[in-house]
Amino acid sequence: MTYAAPVFAHANPKALYQLQVLQNNFCRRASGAPWYVRNDILHRDLELPTISKYMQDMSKKFFDTAANHPNPLLQTAVSYEPPPPHHFIRRPRNVLSDPPDELTAEVERLTNINKDMTEL
């Protein structure tokens, strides 16, 4: 999943959702959390990114590395102009500008609150 993150980030949202459900179940079983603990709390406490956040981070790392690669073909593949937002064709680099899904946004919000509390 790490190797193909820039491409896999554009998979069918239902497939990514199913991966997120699998990750949530694994987190719950690995931590022994009861059923009533919310998934965003689990991710925050385990300091584990959601699938969509992980895909976005790996894609950003890939594009940052590829831009400085000595191979000119790879450099030109990375440095393209993205299509307008209303365009129906999605390119791999579009994942960097996509808004976060609900679970990722909530985990980030809780993480920021937790950081603010520890700084006080």
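Only this structure's heavy atoms are used, side chains among them; waters, hydrogens and symmetry mates stay out.
How far CG of Leu103 is from CD1 of Ile51: 10.0 Å, rounded to the nearest 0.5 Å. For the atom pair CG of Leu48 and CG of Asn39, the computed distance is 11.5 Å after rounding to the nearest 0.5 Å. Here the CG atom belonging to Asp64 is positioned 4.0 Å from the NZ atom belonging to Lys60, to the nearest 0.5 angstrom. Put simply, CG on Leu42 and OG on Ser31 are 5.0 Å apart, with the number rounded to the nearest 0.5 Å. Cys27 contributes atom SG, which lies 10.5 Å from atom CG of Asp45 (distance to the nearest 0.5 angstrom). Atoms OG1 and CD, from Thr104 and Glu108 in turn, are 6.5 Å apart once rounded to the nearest 0.5 Å.
For Lys61 and Asp57, the salt-bridge test fails: no basic side-chain N is under 4.0 Å from an acidic carboxylate O.
Side chain of Glu47 to backbone of Thr111: no donor-acceptor contact under 3.5 angstrom is found.
One hydrophobic cluster, built from ILVMFWY side chains closer than 4.5 Å, holds both Ile41 and Trp35. At a threshold of 4.5 Å between side-chain heavy atoms, the hydrophobic network of Ile, Leu, Val, Met, Phe, Trp and Tyr places Val21 and Tyr36 in two separate groups.
Checked against Asp40 for a side chain to side chain contact (heavy atoms under 4.5 Å, CB included), the options Arg38, His43, Arg44 give a single hit: Arg38.
Of all the heavy atoms in Arg28 and Val37, the pair that sits closest is NH2-O, 2.8 Å.
A side-chain donor-acceptor contact under 3.5 Å links Asn24 and Gln20.
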